[in-house]
Each structure stands twice: as structure tokens, then as C-alpha cells.
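Structure first, then comments.
Side chains are part of it too, since the values below use all heavy atoms of this structure and drop only hydrogens, waters and symmetry mates.
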Amino acid sequence: VTPEMAKQFIDAVKQTFGEQPTRVRWIVAPYEADAQLAYLEARGLVSAVLSEDSDLVLFGVKRLCVKLDYRTGYFELVRSDRIQATRDLDLKGCTLRRLRQMCILAGCDYVASVSGMGLKTAHRYLLKYGTVPRVDQVLRAEGRVVPEDYEQMVERAELTFCHQRVWCPLAKRTVHLTPVDENQFIEDDSFLGSHIDDQLMALIAHGVNHPTTYKPFDVSTMLSKSD
């Protein structure tokens, strides 16, 4: 789904329900949609999240609807409070942070996995060695090809899952998905989302400006492409 497609959908909603619809609301994520959806759920603005991306659980989504059948309306509900009941891995006592670290080590959008490091292997290593720095040391001792800054890459990925920037429709400003600890020093936090004026972010969130170019949508260009 491109920003142009989303814009056309928003315009169709406006045409059907009016400029300020009460039954249908929308937000264009100025940064990543996953973090934006997790924030909306955390603030009680949505009851659940519909997606095929299971990574949303790592952002903190508690109720994730997957495998939607558009013909029947049937879907599967993934609840984060029941993750420990999975039969594929022994996750008893597993916290969200440990699950997040396990998935990052196995490979995610922010860090490529080390060769041979799947979900089950990452789970086994964390159970045995306890921490990411220790796992990093063991992987190197085993002769595996590990990036020089692998530990820092994993740490940055974890920060991204926790503190990525999102748009708050209540405060009408950019905030972090979860607050950054005041004792947690991050020299350059641009990887969490670039610093952009809140007025511009509001225009993007409302579907007026393009989320990549930051400029107003060119309606004439969009119409010509759709012909």
C-alpha cells in the first residue's frame, strides 16, 4: 500500500462521511505503522490491531488479529498475555523484553540474524547464557561470523521496538511509543524517527502531506496515475 493509495482511500472516506467523520477515523503514521498502532492500542484508542505482521507483539500490542478471512470475517486472535502458553517453545516465565531479545537475535527488520541463529537457537542461547552481551561473546568464541558492532545493533533494535517516535492524536504532538528513561542516554536518537515540526507531523497524520516527501499530495499526479 503506497501513500498515494492511502490518500485516495482517505479522500473516499471524506467524500462518504464528511470532512470530520465520527464513525471512521484515520491516522497516517508519520514514522512506522507498527509503532503507531501499538501506541494507539496502549492509549485505548483502538480495541485491537489487525495485521499479518507478528512483530507487532514486540512493540507491545496486546491483542493482535491475524489471518483474516475477508469472505467469512474469521481471524485468529494473538494475545500477548498468553504467549507463554505456546507449545512450540517453553516460554514459561518469559517476559516481553526477553521475547523481544530472542526475536531480535533470530533476525528482525533492524538486525540481520547471525548464520544458523533461528528462533529456537536464540531461545536456547538466552536461556543458557542469560544476556545479549554474553551470547555475543559465545557466538564469537564459536567462530561464527558476527558483525563487529553486533551487540550495539541489537541494543539499538531493542530501543527502536520500545521508544520509536509516534504521533499522539490526543496531545497533537510527536511522542515516544514508551517514554525514554531519563537515565538512559542516547547520543543520537535519529534512528527512533527524525525530529520534525509537530505542525508538519499533524498534516502528515491527517493525510494532507506525503509521509516521505513531507509536501502536500499532488492530486493531479495521483489522478493521472490512477487512469
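- For the pair T160 (side chain) and L192 (backbone), a donor-acceptor distance under 3.5 Å is absent.
- D189 and H195 are linked by a side-chain donor-acceptor pair at a separation below 3.5 angstrom, with hydrogens and angles left out of the test.
- The shortest side-chain heavy-atom distance between C162 and H176 does not fall under the 4.5 Å cut-off.
- Annotation for Q15: atom CD does not count as buried by contact number, only 12 or fewer foreign heavy atoms lying within 6.0 Å.
- Y31 places a side-chain N or O within 3.5 Å of a backbone atom of S194 that can act as its donor or acceptor partner.
- Side-chain contact check for L45 versus P169: some heavy-atom pair is nearer than 4.5 Å.
- Formation of a donor-acceptor pair under 3.5 Å by the R134 side chain with backbone atoms of Y129 is not found in this model.
- Between V135 and Q101, every side-chain heavy-atom pair lies at or beyond the 4.5 Å cut-off.
- Within the 4.5 Å cutoff, no side-chain heavy atoms of V46 are placed close to those of L37.
- Using modelled atom types, no side-chain atom of R173 and backbone atom of Q199 make a donor-acceptor pair closer than 3.5 Å.
- Using the six-membered ring where Trp is involved, F217 and H210 have ring planes that are tilted, between 30° and 60° apart.
- Inter-residue side-chain proximity for R100 and T95 is flagged as unmet; no heavy-atom pair is nearer than 4.5 Å.
- Counting only distance, with no hydrogens or angles, the side chain of N209 and the backbone of Y214 share a donor-acceptor pair below 3.5 Å.
- The hydrophobic clustering, which links ILVMFWY residues whose side-chain heavy atoms are closer than 4.5 Å, places F17 and V28 together.
- Between F191 and Y110, a ring centre-to-centre spacing not shorter than 6.0 Å is recorded.
- One distance of note links OH of Y150 with CZ of R144; it measures 10.0 Å at 0.5 Å rounding.
- We find that R97 and E158 are joined by a salt bridge, their nearest charged nitrogen and carboxylate oxygen being less than 4.0 Å apart.
- The 12-atom threshold is not exceeded at CD of E155, counting heavy atoms of other residues, nucleotides or ligands nearer than 6.0 Å.
- Closest approach of P147 to R140, counting heavy atoms only: O-NH2, 2.7 Å.
- Nearest heavy-atom pair, E41 versus R63, reported as atom, atom and distance to 0.1 Å: OE2-N, 2.9 Å.
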Exercise. Could you go step by step and tell me if C103 and L119 meet the side chain to side chain contact (heavy atoms under 4.5 Å, CB included) rule?
Worked result: CA-CA 6 Å; C103 292; L119 200 59; 4.0 Å; yes
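- Residue R43 comes nearest to C168 through the heavy atom pair NH1-SG, 4.0 Å, listed as atom of the first residue, atom of the second, then distance.
- Rounded to the nearest 0.5 angstrom, F59 CZ and L96 CG are separated by 11.5 Å.
- Between the side chain of D198 and the backbone N or O of T174, at least one donor-acceptor pair lies under 3.5 Å.
- A donor-acceptor contact shorter than 3.5 Å is absent between the side chain of Q164 and the backbone of L177.
- Residue C94 comes nearest to L99 through the heavy atom pair SG-N, 3.7 Å, listed as atom of the first residue, atom of the second, then distance.
- Counted by atom type alone, S51 and D53 present zero donor-acceptor pairs between their side chains at under 3.5 Å.
- Between the side chain of K7 and the main chain of G207, a donor-acceptor pair closer than 3.5 Å is present.
- Taking CG from L58 and CZ from F161, the interatomic distance works out to 5.0 Å, rounded to the nearest 0.5 Å.
- Residue R165 holds its CZ atom at 8.5 Å from OG of S190, rounded to the nearest 0.5 Å.
- Atom-to-atom distance recorded for M102:CE and C108:SG is 12.5 Å, nearest 0.5 angstrom.
- W26 places a side-chain N or O within 3.5 Å of a backbone atom of H206 that can act as its donor or acceptor partner.
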